[in-house]
There are 2 protein chains.
Amino acid sequence: MSSKEDTPLNRKDQILKAAAALFAEKGYYKTTTADVARAVGVTQPYVFHFFKTKEALYLAVLQKAKDIILYVFSHTEASMEQLQVSMGRAFEVLLKSHRNEMLLIMTAFTTPEPAIRDYVRAGFDEVYERVRIEFTKAGIEDPENQAKEFIGCGLLITMAEVLQLPKLFL
Amino acid sequence: MSSKEDTPLNRKDQILKAAAALFAEKGYYKTTTADVARAVGVTQPYVFHFFKTKEALYLAVLQKAKDIILYVFSHTEASMEQLQVSMGRAFEVLLKSHRNEMLLIMTAFTTPEPAIRDYVRAGFDEVYERVRIEFTKAGIEDPENQAKEFIGCGLLITMAEVLQLPKLFL
DNA sequence: CTCCTTTTATTTATTGATAAATAAATTTTA
DNA sequence: TAAAATTTATTTATCAATAAATAAAAGGAG
């Protein structure tokens with residue numbers, strides 16, 4: 001039994017899912033609302049029935065991605081010695097199960113839409129805070145720097161995925 | 001005496017320079033050829049006199065950026081013990097003196113134009129090879145992994161710059 | 001259960017804006 | 001005055017977004 005019932009997705013969620021895949025693959029600018037509509041099997045204007053603008057759609061996808069990360073990092077339990085490793089594993093699993101969403105975050109970094117940049121930056125801080133708090137709760141020492149290192153490592157791994165650099169970084 | 005004479009730049013180089021700044025700041029898609037032209041003080045179609053397409057202009061800027069990196073990493077001399085540190089310093093200097101070009105490379109990573117992606121990937125390999133060779137020549141052991149680590153670190157630093165994350169990563 | 005009414009889901013058609021690219025004309029320089 | 005540098009004028013294409021129309025489904029009233 002998965003957390004989500006496997007009732008078929010409603011139109012809005014279908015659009016969010018298709019958009020996540022397309023935005024992750026082709027980025028914000030190269031993905032058209034017509035692409036998203038086509039992927040779902042509806043007409044282009046209908047997308048605007050659910051999301052006022054293309055940007056609003058993008059931000060909605062981004063929020064979902066962030067929520068997933070926050071959830072995972074908040075629900076990884078382990079001993080002080082093991083927490084970093086466990087969370088690292090959890091992130092690797094996440095990168096497989098929600099590849100689109102994770103790649104999307106990387107590309108969002110470099111999307112020069114002010115609203116998107118602001119959202120990404122805020123989301124980044126939020127994730128950092130969450131990790132820092134979890135590390136603190138677990139009694140890890142110097143949680144600030146450990147959290148920074150942890151996130152830096154995650155970024156690097158994700159970037160290697162985006163770039164598809166097989167030789168580099170294992 | 002700088003390596004470049006300070007003869008005023010010719011139009012083509014003016015365009016390259018302006019394009020580097022704009023592409024770095026606003027990315028490939030959000031930078032228009034009209035933006036570039038305006039920055040230089042010429043008309044939009046005149047840009048096409050020097051570069052057949054917008055993409056060709058972008059690739060030219062990218063090539064210059066890569067050449068700078070290769071040059072710096074090829075000309076940093078130091079003892080085996082000091083080489084990594086010296087090259088790290090050199091990169092930091094580069095990030096200040098050629099900020100636009102370095103940031104551009106980061107954003108180029110996530111630009112989903114096939115030709116651009118291919119160029120970036122190839123350039124990446126080239127830089128890796130260069131670093132690996134320099135490390136090998138200096139007698140550093142396990143040069144492959146040291147080179148990977150070195151580049152990963154550089155990526156992370158550059159990314160922190162792009163994201164303007166002051167708190168994180170020092 | 002049927003006719004009428006309202007809502008929900010969706011499409012067709014269109015607009016307005018923006019941007020890359022081309023071609024022809026003009027100005028400047030040597 | 002010929003060639004090089006640069007502009008004006010224009011084209012073509014693409015896309016987000018809006019508005020109006022249609023079709024199907026659901027919900028009540030007689």
Side-chain angles (χ1 to χ4, degrees), chain A residues 7-63 104 107-108 110-119, chain B residues 7-63 104 107-108 110-119:
Chain A
T7 43
L9 296 173
N10 62 30
R11 275 279 125 102
K12 190 173 181 178
D13 288 334
Q14 282 183 282
I15 289 171
L16 281 169
K17 191 179 171 187
L22 285 164
F23 282 137
E25 184 198 340
K26 314 203 299 175
Y28 180 72
Y29 299 108
K30 261 302 204 70
T31 301
T32 68
T33 56
D35 288 338
V36 175
R38 195 176 321 115
V40 175
V42 298
T43 56
Q44 177 259 334
Y46 193 37
V47 172
F48 289 85
H49 180 253
F50 299 99
F51 302 94
K52 243 178 87 180
T53 63
K54 180 184 174 179
E55 187 173 271
L57 168 60
Y58 190 84
L59 290 173
V61 172
L62 218 46
Q63 180 173 20
L104 179 73
T107 60
T110 54
T111 302
E113 252 5 83
I116 295 174
R117 279 201 114 96
D118 289 352
Y119 191 90
Chain B
T7 43
L9 296 174
N10 61 30
R11 275 279 126 98
K12 190 173 180 179
D13 288 335
Q14 281 182 285
I15 289 171
L16 281 168
K17 190 180 172 186
L22 286 164
F23 282 137
E25 183 198 339
K26 313 203 299 176
Y28 181 72
Y29 299 107
K30 261 302 207 61
T31 301
T32 68
T33 56
D35 288 337
V36 175
R38 194 176 321 114
V40 174
V42 297
T43 56
Q44 177 258 333
Y46 193 38
V47 172
F48 289 84
H49 181 252
F50 299 100
F51 302 94
K52 242 178 87 178
T53 63
K54 179 184 176 181
E55 188 174 271
L57 169 59
Y58 190 84
L59 289 173
V61 172
L62 217 47
Q63 180 173 18
L104 179 72
T107 61
T110 54
T111 302
E113 265 344 277
I116 294 175
R117 280 201 115 99
D118 290 351
Y119 191 90

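Throughout, protein chains are lettered first and strands after them, A, B, ... in sequence-line order, and every chain is numbered starting at 1. Remember, predicted model here, so these are calculated numbers, not experimental data.
- The separation between A/Arg38 atom CZ and C/dT10 atom C1' is 18 Å, rounded to whole Å.
- Summarising the geometry, the separation between NE2 on B/His49 and P on C/dA24 is reported as 15 Å, rounded to the nearest angstrom.
- Taking a cutoff of 4.0 Å between a charged side-chain nitrogen and a carboxylate oxygen, A/Glu113 and B/Lys30 qualify as a salt bridge.
- In this structure, the CZ atom of B/Arg11 is 18 Å from the P atom of C/dT27, given to the nearest Å.
- Rounded to an integer number of Å, the gap from B/Phe51 CZ to C/dA21 P is 13 Å.
- Note on B/Tyr46: every side-chain N or O is 4.0 Å or more away from OP1 and OP2 of D/dT7.
- Protein atom NZ of A/Lys12 is 12 Å distant from nucleotide atom P of C/dA9, rounded to whole Å.
- One can place CG of B/Asn10 at 15 Å from C1' of D/dT6, the figure rounded to the nearest angstrom.
- No more than 12 heavy atoms of other residues, nucleotides or ligands sit less than 6.0 Å from atom NZ of B/Lys17.
- Comparing atom distances between the B/Phe48 side chain and each of C/dA21, D/dT6, C/dT11 picks out C/dA21 as nearest.
- Note on A/Thr32: only backbone sugar-phosphate atoms sit closer than 4.0 angstrom, heavy atoms only; bases stay farther off.
- Of the candidates D/dT7, D/dA17, C/dT10, D/dA17 carries the atom nearest the A/Thr53 side chain, counting heavy atoms from C-beta on.
- Atom CG in A/Leu22 sits roughly 12 Å away from atom P in D/dA16 (whole-Å rounding).
- Scanning both residues, B/Arg117 and B/Thr111, for their nearest heavy atoms gives CG-O, 3.4 Å.
- Judged purely by atom type and a 3.5 angstrom limit, B/Lys54 uses its side chain to pair as donor or acceptor with the backbone of B/Tyr28.
- In summary, of the residues considered (A/Val42, A/Val61, A/Leu22), a side-chain contact (heavy atoms from CB on, under 4.5 Å) with A/Val36 occurs for A/Leu22 alone.
- Of the candidate nucleotides C/dT11, D/dT7, D/dA16, D/dA16 has the atom lying nearest to any side-chain atom of A/Thr33.
- Between the C1' atom of D/dC15 and the OH atom of B/Tyr29 lies a distance of 15 Å, rounded to the nearest Å.
- The base of C/dA19 has none of its N or O atoms less than 3.5 Å from a complementary donor or acceptor on the side chain of B/Gln44.
- Each of D/dA16, C/dA20, D/dT7 was ranked by its minimum atom distance to the side chain of A/Lys54; first place goes to D/dA16.
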